[in-house]
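Okay, structure first, notes after.
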Amino acid sequence: MRTNPLTTVRNLGILAHVDAGKTTVTERILYLTGTTHKRGEVHDGTTVTDFDPQERDRGITIFAAAVSCAWAGHRINLIDTPGHVDFADEVERSLRVLDGGVAVFDAVAGVEPQSESVWRQADRHGVPRIAFVNKMDRAGADLDTAVASIRQRLHPVPLVVQLPIGTEDGFTGVVDLPRMRALVWAEGTDTAEEGPVPDTLREEAARRRRLLEEAVAERHPGALEEFCDRETLTSATLTGALRDLTRTGDGVVVLCGSAYRNRGVEPLLDAVVAYLPSPLDVPPVRGSHDGTERERPADPAAPMAALAFKVNATPTGRMTYLRVYSGTIEKGDTVWDAGTRRTERIGRILRVRADRHDPLERAVAGDIVAVVGLKSARAGSTLCAPGAPLLLEPPGVAEPVVHVSVEARRSTDTGRLASALARLTEEDPSLAVRTDPETGQTVLSGMGELHLEVAVERVRREHGLEVTVGRPVVAYRETVGEGVTGFVHRHVKQDGGAGQFAHVVLDVEPWEGEGGGDGDAAGGGFVFRSTVVGGRVPQEYVRAVEAGCRDALAEGPLGGHPVTGLRVTLTDGQTHVTDSSDTAFRAAGRFGLRDALRASGTVLLEPVVEVTVTVPEDGVGGVLGDLAARRGRVTGSDTRGGAAVVTATVPLAELFGYATRLRSRTQGRGTFTARPTGYAPAPAAVAR
């Protein structure tokens with residue numbers, strides 16, 4: 001019987017906190033699979049996936065990079081994702097199209113803030129993962145401590161399948177517990193030597209193997225049956241059960257190693273092949289057409305459906321990255337963009353190796369490829385067969401929280417700047433550009449200081465433009481304080497011809513998001529309902545009132561910020577036989593809610609972040625004082641590897657320039673990370 005070729009495909013992402021070693025793991029995978037012939041190093045700026053000049057200058061991953069390689073007869077399509085919180089939207093778009101992931105953790109730090117964020121993102125997308133505890137050769141590295149932090153902070157069931165041989169600088173290999181063998185990497189070699197478990201570790205390895213068997217049998221019916229019969233599990237049964245538990249999310253296989261020293265990467269590749277799902281192992285992709293939900297199987301013979309998740313808009317043309325879920329795309333094909341409802345033509349199909357590409361004649365279900373020739377497709381666009389339309393759910397786009405004004409230094413460059421910013425927003429949906437109606441300035445919005453700094457630097461480098469950048473400001477929100485009941489608004493207008501009449505009675509109250517409604521970064525969003533009885537306000541006018549209320553949410557009474565976190569109830573109203581209309585009731589909804597907000601004690605909300613500061617123990621006092629001066633609220637402290645780790649909640653507006661301040665206070669030894677946690681009421685001084 002012929003094997004389906006899709007069983008040998010793995011689409012996976014490398015996920016982790018910044019500086020946990022994601023890019024180094026990716027580079028070692030490329031080297032071991034023969035994709036590259038020299039090991040790329042982040043500190044030397046020679047990596048394949050961090051090919052952008054800014055990535056090499058800063059030593060961090062900024063843009064998700066796709067690469068394709070082969071291992072043990074399997075094709076691995078791999079995406080190296082950013083680890084910095086400002087680029088979480090890149091991770092979101094990547095996770096939307098992946099079947100599995102490798103979460104990389106630092107063996108000293110364990111679970112760090114952004115590790116937790118990307119883990120939660122993967123949870124939302126239902127992406128099965130295996131964990132790789134990296135940097136086992138570092139001073140203070142401890143596998144058990146790292147696993148404990150995974151269990152406590154992420155709450156999975158960690159299934160540790162390896163035992164390290166040696167500690168810290170003496171780390172030389174691992175014991176493979178399912179097969180009870182030792183894998184040792186001699187100094188200067190790239191491949192492991194297989195041998196028996198060392199005598200000094202035999203008893204500990206047997207104990208850990210027993211714990212692994214018990215944990216697996218507890219969660220897997222087939223393994224439990226064999227364990228009860230034989231009081232042990234064969235390697236084949238254990239491996240099969242680990243595969244099942246990984247793919248259902250009931251367990252997370254944990255491996256360890258040192259990617260920098262090329263130790264532990266081969267077993268990691270074997271685990272990717274053995275445990276993570278193929279396109280056939282995940283449920284068929286679901287989409288909609290004409291209001292009905294439909295499925296498409298991972299079958300090259302089915303109607304084509306693909307999702308665009310990344311766009312590179314270069315001066316020589318647009319390159320669109322696709323995940324093909326079903327069907328086959330061939331060079332020259334005409335496809336249907338279900339979002340814009342227009343046809344596009346596939347000019348070329350490319351197998352991606354970061355910034356290098358190999359031409360293909362076709363791409364089939366399960367492939368991740370780049371195509372050239374699409375004119376209007378954006379990240380999140382669905383491409384499908386013209387005769388079988390399907391709209392797939394696009395990745396969510398985060399709402400920007402930081403703004404800067406951007407102006408061309410030369411007035412003659414204004415048009416070029418507008419084109420450059422349009423190209424940036426085309427590539428990165430989490431960037432937004434608008435013109436301030438009061439000042440006429442161009443405002444660029446993004447997810448953080450670094451995000452905007454990278455965007456502006458791209459304008460300077462790639463387009464040769466000199467720009468002036470204003471001071472960053474945060475995106476405030478407004479919400480309802482006390483609320484108001486029975487607020488009456490009459491909209492009456494008579495200026496010749498047909499008049500306008502609408503009478504509405506509104507209840508406005510704070511809303512925390514229970515039930516339905518529009519979600520928002522501020523947590524509450526907006527929900528509208530009507531309790532009008534007796535037909536006093538016809539249904540079409542109720543919809544107009546809701547539309548008017550949504551119009552009013554754009555600018556709040558405190559400072560013109562968007563309003564969120566409220567529920568509006570239309571309780572009563574009146575109509576006029578000739579003068580009532582959709583337009584009149586929409587105006588009544590807009591102006592009525594605007595006046596009701598003024599009467600209901602509006603509160604200003606500011607974005608807050610969770611900051612994790614790592615400093616030498618002698619610098620804790622200064623850091624705590626500085627956090628207090630920035631309106632920070634300390635939520636925890638710990639000691640890891642001789643350094644103090646302080647966690648605090650701080651308003652985002654107070655963090656501008658904090659990196660420089662922290663370095664000066666700690667003689668360059670302090671570091672910090674931040675992740676958004678939502679919005680909180682701002683003090684009166686800020687509101688003024």
Side-chain angles (χ1 to χ4, degrees), residues 399 434-439 475-513 516-522 524-605 679 681-682 687-688:
E399 189 172 347
R434 63 179 175 86
T435 301
D436 190 305
E438 295 182 5
T439 65
Y476 292 99
R477 296 285 181 270
E478 298 178 27
T479 193
V480 174
E482 299 296 328
V484 64
T485 302
F487 189 87
V488 178
H489 182 82
R490 290 172 64 88
H491 177 73
V492 181
K493 189 175 182 182
Q494 190 74 46
D495 53 4
Q500 293 185 17
F501 177 88
H503 176 104
V504 295
V505 181
L506 303 174
D507 288 352
V508 180
E509 58 187 322
W511 182 67
E512 296 299 330
D518 299 333
D520 187 270
F526 168 73
V527 68
F528 178 90
R529 62 180 182 173
S530 171
T531 58
V532 176
V533 295
R536 290 176 62 81
V537 180
Q539 190 59 39
E540 61 267 26
Y541 293 165
V542 171
R543 288 193 291 268
V545 173
E546 179 179 358
C549 289
R550 291 184 184 277
D551 294 340
L553 298 178
E555 294 184 4
L558 279 180
H561 308 293
V563 183
T564 187
L566 72 160
R567 177 164 55 194
V568 177
T569 305
L570 177 64
T571 60
D572 200 1
Q574 291 180 16
T575 62
H576 188 276
V577 176
T578 58
D579 290 349
S580 290
S581 64
D582 283 356
T583 302
F585 272 91
R586 182 162 185 161
R590 179 180 181 183
F591 296 121
L593 180 56
R594 188 182 65 180
D595 293 344
L597 288 172
R598 290 196 180 99
S600 61
T602 315
V603 176
L604 187 70
L605 299 173
Y679 280 72
R688 288 196 296 271

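Just so it is clear, the values below take in all heavy atoms, side chains as well, and ignore hydrogens, waters and symmetry mates.
Side-chain atoms of T531 and L570, non-hydrogen and from C-beta on, never get closer than 4.5 Å to each other. V488 is listed as a side-chain neighbour of H503, based on a closest heavy-atom distance under 4.5 Å. Considering only heavy atoms from C-beta on, L553 comes within 4.5 Å of F526 through its side chain. L605 is listed as a side-chain neighbour of P681, based on a closest heavy-atom distance under 4.5 Å. A heavy-atom distance below 4.5 Å is not found between the side chains of R590 and R594. In this structure, V568 and L593 have side chains that are in contact, with non-hydrogen atoms separated by less than 4.5 Å. Contact check for P538 versus T575: side-chain heavy atoms found under the 4.5 Å cut-off. Within the 4.5 Å cutoff, the side chain of V480 has no heavy atoms near those of the E478 side chain.
H491 and H489 have parallel rings, their planes meeting at less than 30° on a 0 to 90° scale where 60° marks the start of perpendicular. Relative ring orientation between Y476 and H561 is described as tilted, the plane-to-plane angle lying within the 30° to 60° band. Between F585 and Y541, the two ring planes are parallel [angle under 30°; tilted spans 30° to 60°].
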*Intermediate values then yes/no, side-chain contact (heavy atoms from CB on, under 4.5 Å), T578 and F501*: CA-CA 9 Å; T578 58; F501 177 88; over 6 Å; no
*Would you sort out whether V545 and F528 count as a side-chain contact (heavy atoms from CB on, under 4.5 Å), showing the intermediate values?*
CA-CA 9 Å; V545 173; F528 178 90; 3.9 Å; yes
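In this structure a side-chain-to-backbone donor-acceptor pair under 3.5 Å is present from T571 to V505. Side chain of S600 to backbone of E482: no donor-acceptor contact under 3.5 angstrom is found. For T602 (side chain) and L597 (main-chain N/O), a donor-acceptor pair under 3.5 Å exists by modelled atom type. Remark: the backbone N or O of G565 is paired with a side-chain donor or acceptor of T479 at under 3.5 angstrom.
How far CZ of R536 is from CG of D572: 4.5 Å, rounded to the nearest 0.5 Å. Considering CG of L558 and CG of L604, their distance stands at 6.0 Å, rounded to 0.5 Å. Once rounded to the nearest 0.5 Å, the distance linking CZ of R586 with SG of C549 reads 10.5 Å. Note that the CD atom of E540 and the OG atom of S581 stand 11.0 Å from one another [nearest 0.5 Å].
Under a cut-off of 6.0 angstrom, the local environment of CD in Q574 is crowded, with over 12 non-hydrogen atoms contributed by other residues, nucleotides or ligands. More than 12 heavy atoms of other residues, nucleotides or ligands sit less than 6.0 Å from atom CD of Q500.
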